[in-house]
Novice: 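Below is the structure I would like to discuss, written out as structure tokens.
In what follows, chains are A, B, ... by sequence order, proteins preceding strands, each numbered from 1.
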Amino acid sequence: MANYDVLNDMQKEAVFQTKGPLLILAGAGSGKTRAITHRIAYLIENCGVNPWNILAITFTNKAAGEMRERVDGLVGFGSESIWVATFHATCVRILRRYADRIGYDTNFTIYDSDDQKTVIKEVCKKLQIDTKMLKERTIMGAISAAKDALIDPLTYQMEAMGDFQKSKIAMVYAEYQRTMRSNNAMDFDDLICNTVELLRTDGEVLANYQNRFEYIMVDEYQDTNTAQFELIRLLAGGKRNLCVVGDDDQSIYKFRGANIRNILDFELHYPDATVVKLEQNYRSTGNILDAANAVIGNNTARKEKALWTEQDAGEKIHFKQLDTAFEEADFIAYDIGRKHRKLGMRFGDAAVLYRTNAQARLIEEQFIREGIPYNVVGGVNFYSRKEIKDLLAYLKTIDNGRDDVAVKRIINVPRRGIGATTIAKIQQYADDEGISFYDALCECEDIASIGKAASKIKPFVTMIQVFRSKLPIYGLEGLIKDVIETTGYVEMIEAEDEEDGQMRIENIDELISKMVSFEQENEEPTLSTLLEEIALVADIDSADENDDRVLLMTLHSAKGLEFEHVYLAGMEDGVFPGFMTITSDDKTELEEERRLCYVGITRAKQDLTLLCAKSRMVRGETQYNPVSRFLKEIPTNLIDGVVPTYKNPGYATYEPDAKPLHMFKQKPFYQTMAPQPQPDVVSNSTAKNFGLHNTNTTAGPRPKASVKPKVTQPQVKPFISKMTELPGVSKGMPQGGGALPYGVGDRVRHVKFGEGQVLSIEEGNRDHKVTVLFDDAQYGQKIMYALFAKLEKI
DNA sequence: CGTACTAGTCTTTTT
DNA sequence: GACTAGTACG
């Protein structure tokens, strides 16, 4: 039984208002997840609603998982039949069942932006559009924006009349959609708008879902775009028991189509809506909250509300300005180390937030030097790494032969001697016959122009067919291992002998683990569902909270999270708010950036440190940026250190502590470096209302080389560390045989590298790392995985 | 057909 | 400064 006494009055109002449209305006840290989960419990326990009739939609998998967990805790029985999923997962689920009604196969594949770009490129080639004049990026953005707004290719073309560039894009858009259809593939945006199309055109399907979803709840409603709005409108059209939760002040995804009007105009769309505001904050201290309120108060397009707290004012907000971005990073590392040693702070209670992913690198390097354990969230997605994408392309080809992008990706990886000309000829044949690229491969012997190359293609086709026929027998684990072995993928990496080869092999190992655990955790683990799950995961979802590590992430990634100690780095005009925002004529962009700042500040529970640097390197250029205008919007009495004021919007200089900063002691170049020209930013920014100083400097050697850590593999990927801890993984994996047929000192033979001597064997999670010194000096010493290396004892 | 080098490109966030 | 895509050459 859920206990509703833990709720405050406003939360209770939100929970007990079950009928009709309801808008919950929930400020940061106001317990909105608590309100939603209790509302679900209340529906089931007190209103006799069948869990099966409840739909809860979120944006991220993480949010969905969290909600599921908390609902499970509240609702004992039947909670598993509540439909809790992200927008995209919800649509996939619907489409897997009914996609055939809008001309797709139900086993369609999902394209990420990488695959998307490949298709766009091909389409441009076909339509003879010069991608130097009109960049793929621009086209992709335009198509995505069109889909977000539910504009189909035909309508787009009509609207583009008279506009040369837009007409070109319209042509690409139309051809792109045709290609996607014939590839039986959908991109992320398609998932949403194809579902909308399905619900709009098929009354039976619509009625089916409208009847099922008696109660619908949408989280982070301020981030919905037009297509998502329409989806919700359709689904909720029957019973109209729609509850949306959001905070217009935390709308930070305009760039991907989010329409803030959806939440601001909710009462216009649903005139009978009840509105409940949650304004009591349970997260942050008074000072932090005051700062957040002061900043966001400068926005005009917002619903009036003010967060308040019963907590004390707490510590003041710390502000520190340093000379360079390097010192900024160093200070953070030093300060976190200090708090850990002196105040017993857990590393896991601290987070460093920044505007752009590129800022992470410098901070990482300093953390390594100071020995601060950390995790970087985001950056390059695990599944978008080359080696992983290659192997996934094999799996996609096996799963859906119509996926041309996947087939073309791997047809010559590893090398099979099938080059560009052959591929072009096959494509030509496929186009002429109106069949897929893969089907054309199957008929390669009939293609006159191909000639001898057919002898190279045939084994490839046979191989794929063998994989397909063996799949039901050996399952996913067997399949991936067979693919790796048969194609010789790992040997290819070893032969390339790149510096990151080891890491790439480890990544492949992780993919295997992922597939093994997927097979164990799912009742019916099919290849399609595996690929689908992979397509819909972002890296943030795998951040592990139990790890005692400082988290490094972008402000966007931080939404929905909270930390005792928060460092906001790069508080400079030009970085945050970004250069583009400052120079843009569109004022709403600055407001969006300010909301991002509001999100950042409100992540902190008790300790917030704001940092900036007088100069930093951005894309090989040294920039001199003034203090962020957002920082100046915080009342000075809330900040310690030297503070910029409204009256004197000049440059706040901060005199570092008198003591010799310990953190510089190992960096001799600081003393020896040629003094850089330091422009007088105070006068500059006063004179030119904070204009951005983007000074090109060629002066002085760059600190970079001496900073770069020698450690080859400094990045701790949260993803991987989590994977290895997944229950059941070790069970399912071979233990490297337990006892290898060889030991340290033995002579062994490798297929490619010849004979050598085993220098050491290191026991890994699932496999042994074997170091071998090969006789052939060309190969020398190599570290390899026993599972793949297939070493023979001599 | 494959490799090695060069030139152009960077927003900014995510499913 | 770093990465990627495209091109020229072997």
Novice: Could you work out, with side-chain hydrogen bond (donor to acceptor under 3.5 Å, both in side chains) as the rule, every residue matching A/Arg415, not counting sequence neighbours?
Specialist: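 Checked A/Arg415 against side-chain hydrogen bond (donor to acceptor under 3.5 Å, both in side chains); zero matches.
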Novice: Is A/Lys254 near enough to B/dT12 that one of its side-chain N or O atoms lies under 4.0 angstrom from OP1 or OP2?
Specialist: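 No, outside the criterion.
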Novice: To the nearest Å, how far apart are A/Leu568 CG and B/dT13 C1'?
Specialist: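 After rounding, the gap between these two atoms is 15 Å.
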Novice: Between B/dT13 and C/dT4, how far apart are the P atoms? Round to whole Å, please.
Specialist: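 Approximately 15 Å lies between the P atom of C/dT4 and that of B/dT13.
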Novice: Only counting residues at least two apart or in another chain, list the ones meeting side-chain hydrogen bond (donor to acceptor under 3.5 Å, both in side chains) with A/Asp248.
Specialist: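 With neighbours one apart ignored, the set is A/Lys305.
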Novice: Find every protein N or O atom lying less than 3.5 Å from an N or O atom of nucleotides 5-10 of chain C, and list the pairs.
Specialist:
none

Novice: A/Arg619 has a side chain; which of B/dT14, B/dT13, B/dC10 sits nearest to it?
Specialist: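 Closest nucleotide among those given: B/dC10.
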Novice: Working to the nearest 0.5 Å, report the span between NZ of A/Lys559 and CG of A/Asp223.
Specialist: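 The NZ atom of A/Lys559 sits 3.5 Å away from the CG atom of A/Asp223.
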Novice: Nearest-Å distance, CZ (A/Phe576) to C1' (B/dT13)?
Specialist: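 A/Phe576 atom CZ is separated from B/dT13 atom C1' by 11 Å.
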Novice: Rounded to whole Å, please give me the gap between CE in A/Met140 and C1' in B/dT14.
Specialist: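 To the nearest whole Å, that distance equals 12 Å.
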Novice: Figure out the CD/P separation between A/Glu220 and B/dT14, and round it to whole Å.
Specialist: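 About 14 Å, once rounded to whole Å.
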Novice: Of the candidate nucleotides C/dC3, B/dT11, B/dT14, which contains the atom at the shortest distance from the side chain of A/Met580?
Specialist: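 When the side chain of A/Met580 is considered, B/dT11 is the closest of C/dC3, B/dT11, B/dT14.
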Novice: Tell me every residue that passes side-chain contact (heavy atoms from CB on, under 4.5 Å) with A/Ser144, counting only those two or more places apart in sequence or in another chain.
Specialist: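 A/Ser144 satisfies side-chain contact (heavy atoms from CB on, under 4.5 Å) with A/Asp148, A/Asp189 only.
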Novice: Indicate, with yes or no, if the rings of A/Phe59 and A/His88 have centres closer together than 6.0 Å.
Specialist: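 Ring-ring flag for A/Phe59/A/His88: false, centres at least 6.0 Å apart.
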Novice: Considering residues at least two apart in sequence or located in another chain, which fulfil the salt bridge (Lys or Arg N to Asp or Glu O under 4.0 Å) criterion with A/Asp585?
Specialist: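 A/Asp585 satisfies salt bridge (Lys or Arg N to Asp or Glu O under 4.0 Å) with no residue once adjacent residues are dropped.
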Novice: Side chain of A/Met617 only, please: which of B/dT11, B/dT13, C/dG1 is the nearest?
Specialist: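 Side chain of A/Met617 sits closest to C/dG1.
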Novice: Holding to salt bridge (Lys or Arg N to Asp or Glu O under 4.0 Å), I want the full list of residues that pass it with A/Glu197, two or more places apart in sequence or in another chain.
Specialist: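 For A/Glu197, no residue satisfies salt bridge (Lys or Arg N to Asp or Glu O under 4.0 Å) once neighbours in sequence are set aside.
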Novice: Base, sugar-phosphate, or nothing for A/Asp189, non-hydrogen atoms under 4.0 angstrom?
Specialist: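 It contacts nothing in the nucleic acid.
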Novice: Among residues 584-604 of chain A, which residues get a heavy atom nearer than 4.0 Å to DNA chain B?
Specialist: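 By residue number: none to list.
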Novice: For residues A/Lys389 and A/Tyr383, report the shortest heavy-atom separation together with the two atoms involved.
Specialist: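 Taking every non-hydrogen atom into account, CG-O, 3.2 Å.
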Novice: According to salt bridge (Lys or Arg N to Asp or Glu O under 4.0 Å), who are the partners of A/Asp403, at least two apart in sequence or on a separate chain?
Specialist: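 Salt bridge (Lys or Arg N to Asp or Glu O under 4.0 Å) check on A/Asp403 returns nothing, list empty.
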Novice: Are B/dT14 and A/Phe188 stacked, with the base six-membered ring and the side-chain ring centres under 5.5 Å apart and planes under 30°?
Specialist: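 It does not: the ring fails the test against the base of B/dT14.
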Novice: Apply side-chain hydrogen bond (donor to acceptor under 3.5 Å, both in side chains) to A/Ser113 and list each qualifying residue two or more places apart in sequence or on a separate chain.
Specialist: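 Partners of A/Ser113 under the side-chain hydrogen bond (donor to acceptor under 3.5 Å, both in side chains) test: none.
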Novice: What is the distance, to the nearest angstrom, from the CZ atom on A/Arg137 to the C1' atom on B/dT11?
Specialist: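 It is 8 Å, rounded to the nearest whole Å.
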Novice: Whole angstroms only, please: what is the NE2-P distance between A/His556 and B/dT11?
Specialist: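 Whole-Å distance recorded here is 15 Å.
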Novice: Only pairs at least two apart or in different chains count here, so list each side chain to side chain donor-acceptor pair (under 3.5 Å) that has a residue in residues 123-143 of chain A.
Specialist: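 Listed once each, the pairs are A/Lys126-A/Glu175.
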Novice: Using only heavy-atom distances, decide whether a donor-acceptor pair under 3.5 angstrom links the side-chain of A/Arg355 to the base of B/dT13.
Specialist: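 Side chain to base: pair found, below 3.5 Å.
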Novice: Within the 4.0 Å heavy-atom criterion, would you say A/Phe87 contacts the bases, only the backbone, or no part of the nucleic acid?
Specialist: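 Nothing, no nucleic acid heavy atom in range.
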Novice: Assess the pair A/Phe255 and A/His556: is the distance between their ring centroids shorter than 6.0 Å?
Specialist: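 Between A/His556 and A/Phe255, which both carry aromatic rings, the centre distance is below 6.0 Å.
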Novice: Find the distance A/Asn357:CG to B/dT12:P and express it as a whole number of Å.
Specialist: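 Rounded to the whole Å, the gap is 9 Å.
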Novice: Which nucleotide sits closest to the side chain of A/Thr554: B/dC10, B/dT13, B/dT11?
Specialist: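 Of B/dC10, B/dT13, B/dT11, B/dT13 is nearest to the side chain of A/Thr554.
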Novice: When the C1' atoms of B/dT12 and C/dA5 are considered, how many whole Å apart are they?
Specialist: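 Those two atoms are separated by 23 Å.
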Novice: So, using side-chain hydrogen bond (donor to acceptor under 3.5 Å, both in side chains) as the criterion, who are the partners of A/Arg616 when residues are at least two apart?
Specialist: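 In terms of side-chain hydrogen bond (donor to acceptor under 3.5 Å, both in side chains), with neighbours along the sequence ignored, A/Arg616 is linked to A/Glu328, A/Glu572.
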Novice: What integer distance in Å separates A/Ile582:CD1 from B/dT11:P?
Specialist: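 So the two atoms are 17 Å apart, to the nearest Å.
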Novice: I'd like a list of close polar pairs between nucleotides 1-8 of chain B and the protein, N/O only, cut-off under 3.5 Å.
Specialist:
from, atom 1, to, atom 2, distance (Å)
B/dC1, OP1, A/Gly419, N, 2.7
B/dC1, OP1, A/Thr422, OG1, 2.7
B/dC1, OP2, A/Thr421, OG1, 2.2
B/dG2, OP1, A/Gly417, N, 3.4
B/dG2, OP2, A/Asn412, ND2, 3.2
B/dT3, OP2, A/Arg415, NH1, 2.6

